[in-house]
Amino acid sequence: MEKRNSFFLGQLMLVLGCIFTVTAYGQTSKSKLQVYNIEVTPVDASKKVTITADGKPFSELVYTDTLEKPFLYPIYAPDGQLITRGFPFAPRKDEPTDHPHHTGLWLNYESVNGLDFWNNSYAIPEDKKSKYGWIKTKKIVKTKSGKKGELKMQATWENQKNQVLLNETTTYFFRADENKRIIDRVTTLTAAQDVNMPDVKDGMLGLRLAHELELPSKEKKEFKDDKGNVTVVEGSADGVPSGNYITSEGKEGDAAWGTRAQWCMLYGKQGDDTTSIVIIDHPRNPGYPTYWHARGYGLFAANPLGQKAFSNGKETLNFALKQGQSVTFRYRVVIASGKQRLSNEDINLVAGDFFQNTR
């Protein structure tokens, strides 16, 4: 218990330190880098919303009902590099084709009243679909362009009989300058019925990375979901992957998986630059600081609800909502391009801004 309390005290001091330096960070950013204009444009016929920064591609929200969930895809770094895997929509040479449900940047969970929202994809046979959930976008509520782009949407988490378990309201905020792209996602889930979300491994905010950003490995590995389905991930023989994880607690590489931290960064070489991608947890989120479901093969995920799975049974959350109750999850994703990776100091400053200005 003493060790646990010390951990959270250290986290609190880090949060306070970040907030204390936010003003200086804002002044420095404004004086050195031009803040780009963000254009957020609905394309209703294609069930997409496009996001650009200074006229250049940033991302798209894809929300067609032919897919199992809405997600941001593709996502571009400031230097124009794609940070998301192309498969299954636009496969690129030599990239892996495992886990077809890993699409862009998304948020869902492996067990909601026993339904698996995480692993659902076109690869699930029809006779097994009843075990899987579907997130359907109901409405694009708001789009706003400017120095801070905004996109608000509503969706429902449903079973295969179209019965609603959760109502979702998500707001994305987009910002950019010459060296950084920032995506804030604020998602409120309201229970349409009593909902149980027990501790499981696969969740919650997920990002599937481009091949270059995977961790180098020549070993074939097998991964099993909660229903016993095994996915084989082949080792990379082409020498392209160059990624590495590092967390706010100093864990690196594969050691980042299954540990708690305020933030986790993946960085690697793309073209002539180093791409840095940071996911930042928020102190008001359930389970803060989150556990990191960060795999070397390119899955980069934050799962605050899977505590039993990651702690070998030492912790249990068993998150649940009564009908009508709500919960909000807040995450910041920072994407940077440069000759070097983002420093811990830079990340802590951006985290401080997130903590102070996102409620």
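In this structure, N179 contributes its side chain and A336 its backbone to no donor-acceptor pair below 3.5 Å. Listed for the W134 side chain is a donor-acceptor partner under 3.5 Å among the backbone atoms of L67. Between the side chain of N113 and the main chain of D194, a donor-acceptor pair closer than 3.5 Å is present. Between the side chain of E212 and the backbone N or O of P241, no donor-acceptor pair lies under 3.5 Å. Formation of a donor-acceptor pair under 3.5 Å by the R332 side chain with backbone atoms of T358 is not found in this model. Panel note: side chain N120, backbone Y132; no donor-acceptor pair is recorded below 3.5 Å. Proximity of a side-chain donor or acceptor of E68 to a complementary backbone N or O of G133 within less than 3.5 Å is not detected. The main-chain N or O of I75 is found under 3.5 Å from a side-chain atom of T84 such that the two form a donor-acceptor pair. Under the 3.5 Å distance criterion, the side-chain polar atoms of S276 are matched with a main-chain donor or acceptor of L342. Remark: side-chain polar atoms of Y73 are paired, donor with acceptor, to backbone N or O of G86 under 3.5 angstrom.
Considering all non-hydrogen atoms of both residues, A176 and I38 come closest at CB-CD1, 3.9 Å. Across all non-hydrogen atoms, the minimal contact from W292 to I279 is CH2-O, 3.3 Å. M153 and P70 make their closest contact through CE-CG, 3.8 Å (heavy atoms, listed as atom of the first residue, atom of the second, distance). Heavy-atom minimum distance, T328 versus V186: CG2-CG1, 3.8 Å. D65 and T137 get closest at one heavy-atom pair: OD1-N, 4.1 Å. Closest non-hydrogen pair, W263 versus I246, comes out as CZ3-O, 3.6 Å.
Between W257 and H293, the ring planes are perpendicular. Angles over 60° get that label, and only those under 30° would be called parallel. The aromatic rings of F58 and F174 stand perpendicular to each other, their planes meeting at an angle above 60°, with 30° marking the opposite boundary. Relative ring orientation between H102 and H99 is described as parallel, the plane-to-plane angle staying below 30° on a 0-90° scale split at 30° and 60°.
Ring to ring, Y109 and F329 are not that close: their centroids are 6.0 angstrom or more apart.
If you check the side chains of Q160 and S130, you find no donor sitting under 3.5 Å from an acceptor. Side-chain contact of T275 with Q270: a donor-acceptor pair under 3.5 Å is present, judged by distance alone. Between E252 and N244, the side chains place a donor N or O and an acceptor N or O closer than 3.5 Å (distance only, hydrogens not considered). Looking only at atom types and distance, the side chain of D281 has no donor-acceptor partner in the side chain of T290 under 3.5 Å away.
More than 12 non-hydrogen atoms from other residues, nucleotides or ligands lie less than 6.0 angstrom from NZ of K136. Remark: F310 CZ is packed, more than 12 non-hydrogen atoms of other residues, nucleotides or ligands lying under 6.0 Å away. Other residues, nucleotides and ligands contribute at most 12 non-hydrogen atoms within 6.0 Å of the CG atom of D272. Around atom NZ of K128, no more than 12 heavy atoms belonging to other residues, nucleotides or ligands sit under 6.0 Å away. Residue K269 places its NZ atom among more than 12 non-hydrogen atoms of other residues, nucleotides or ligands, all under 6.0 Å distant. In the displayed structure, K144 atom NZ is contacted under 6.0 Å by at most 12 heavy atoms of other residues, nucleotides or ligands.
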task: Please lay out, stage by stage, how K152 and T171 fare under the test side-chain contact (heavy atoms from CB on, under 4.5 Å).
output: CA-CA 4 Å; K152 185 176 182 179; T171 304; 3.5 Å; yes

Pair V350-V278, side-chain contact (heavy atoms from CB on, under 4.5 Å): steps then yes or no: CA-CA 10 Å; V350 178; V278 188; over 6 Å; no

task: I would like to know whether V334 and I347 meet side-chain contact (heavy atoms from CB on, under 4.5 Å); could you show each step before the answer?
output: CA-CA 9 Å; V334 183; I347 298 169; over 6 Å; no

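Within the 4.5 Å cutoff, side-chain heavy atoms of M265 are placed close to those of R341. At least one side-chain heavy atom of Y291 sits less than 4.5 Å from a side-chain heavy atom of S311. Inter-residue side-chain proximity for R359 and R284 is flagged as met; some heavy-atom pair is nearer than 4.5 Å. The shortest distance between side-chain heavy atoms of P96 and F87 does not fall below 4.5 Å. Here the side chains of L305 and V200 are not in contact, with every heavy-atom distance at 4.5 Å or above. Residues Q81 and S337 have side chains not in contact (no heavy-atom distance under 4.5 Å, counting atoms from C-beta outward). Under the 4.5 Å side-chain criterion, counting only non-hydrogen atoms from C-beta, N318 is not in contact with N196. In this structure the side chain of T143 reaches within 4.5 angstrom of the side chain of P42, judged on heavy atoms.
How far OG1 of T188 is from CG of L166: 11.5 Å, rounded to the nearest 0.5 Å.
Note: the hydrophobic cluster containing L321 also contains I135 (ILVMFWY, side chain heavy atoms under 4.5 Å, direct or indirect links). In the hydrophobic clustering of this structure, V333 groups with V40; members are Ile, Leu, Val, Met, Phe, Trp, Tyr whose side-chain heavy atoms approach within less than 4.5 Å, directly or through other members. Taken together through direct or relayed side-chain contacts under 4.5 Å among Ile, Leu, Val, Met, Phe, Trp and Tyr, Y63 and I183 form part of one hydrophobic cluster. Side-chain heavy atoms closer than 4.5 Å link hydrophobic residues (I, L, V, M, F, W, Y) into clusters, and following such links, even through other members, never connects Y76 to L72. Residues M204 and L165 fall within the same hydrophobic cluster, defined by Ile, Leu, Val, Met, Phe, Trp and Tyr side chains chained together at heavy-atom separations under 4.5 Å.
For residues 46-60, every residue pair satisfying the salt bridge (charged side-chain N to carboxylate O under 4.0 Å, His left out) rule, not counting sequence neighbours, is listed here: K48-E60.
Of the residues Y288, Y331, F354, the one that meets the ring-ring contact (aromatic ring centres under 6.0 Å, His included) test with H282 is F354. Evaluated for a side-chain contact (heavy atoms from CB on, under 4.5 Å) with R208, the options L105, L213, D98 yield exactly one hit, D98. With D177 as reference, K180 is the one residue of R181, K180, R175 to meet the side chain to side chain donor-acceptor pair (under 3.5 Å) rule.
A salt bridge links K142 and E150; the closest N-O separation between the charged side-chain nitrogens and carboxylate oxygens is under 4.0 Å. Using a 4.0 Å cut-off between a side-chain N of Lys or Arg and a carboxylate O of Asp or Glu, E158 and K138 qualify as a salt bridge. The residues K69 and E168 are annotated as not salt-bridged, no charged nitrogen and carboxylate oxygen being separated by less than 4.0 angstrom.
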